[in-house]
Amino acid sequence: MTIAKRLNQIIREQNISKTEFAKRIGISCNYLYILTGNSRAQTNKNKTISNTLAKVIALEFGYDPKWILYGDEGEK
């Protein structure tokens with residue numbers, strides 16, 4: 001599962017908009033749409049997040065930061 005799919009899963013499970021998600025974790029909507037969408041599909045540029053951002057998401061929404069960054073171990 002890609003970072004985009006994991007972020008979209010969190011948004012769906014929290015039953016919030018992408019705009020609300022971005023606001024709550026302190027990033028721009030544009031950046032979130034890049035992370036969660038199919039833009040720049042031919043490249044990995046801007047398709048990763050920092051450890052710090054993963055921790056912010058984890059604290060705000062109650063997810064494991066390692067899962068946010070890397071997914072399940074079985075997916076590797």
Can you tell me how far [atom2] of [Y] sits from [atom1] of [X], rounded to the nearest 0.5 angstrom?
X	Y	atom1	atom2	answer
N8	T2	CG	OG1	8.0 Å
T19	Y33	OG1	OH	4.5 Å
L59	R24	CG	CZ	12.0 Å
I49	L7	CD1	CG	5.5 Å
N30	L35	CG	CG	10.0 Å

Residue pair A58 / P65: nearest heavy atoms and the distance that separates them = CB-CD, 3.7 Å
Side chains of K66 and L69: does their closest heavy-atom pair fall under 4.5 Å?
-> no
For T36 and F21, what are the C-alpha separation, side-chain angles and deciding distance, and is it a side-chain contact (heavy atoms from CB on, under 4.5 Å)?
-> CA-CA 11 Å; T36 60; F21 183 83; over 6 Å; no
Quick one: salt bridge (Lys or Arg N to Asp or Glu O under 4.0 Å) partners of E20, sequence neighbours excluded?
-> none
Contacts table for residues 9-16: side-chain donor-acceptor under 3.5 angstrom, sequence neighbours left out:
| unit_1 | atom_1 | unit_2 | atom_2 | d |
| --- | --- | --- | --- | --- |
| Q9 | NE2 | E13 | OE2 | 2.9 |
| E13 | OE1 | Y63 | OH | 2.5 |

Verify the cluster assignment for M1 and L32: are they in a single hydrophobic cluster under the rule of side-chain heavy atoms below 4.5 Å apart?
-> yes
Determine, step by step, whether I68 and L53 satisfy the side-chain contact (heavy atoms from CB on, under 4.5 Å) criterion, reporting the C-alpha distance in whole Å, the side-chain angles of both residues, the deciding distance to 0.1 Å, and the verdict.
-> CA-CA 10 Å; I68 295 167; L53 184 55; over 6 Å; no
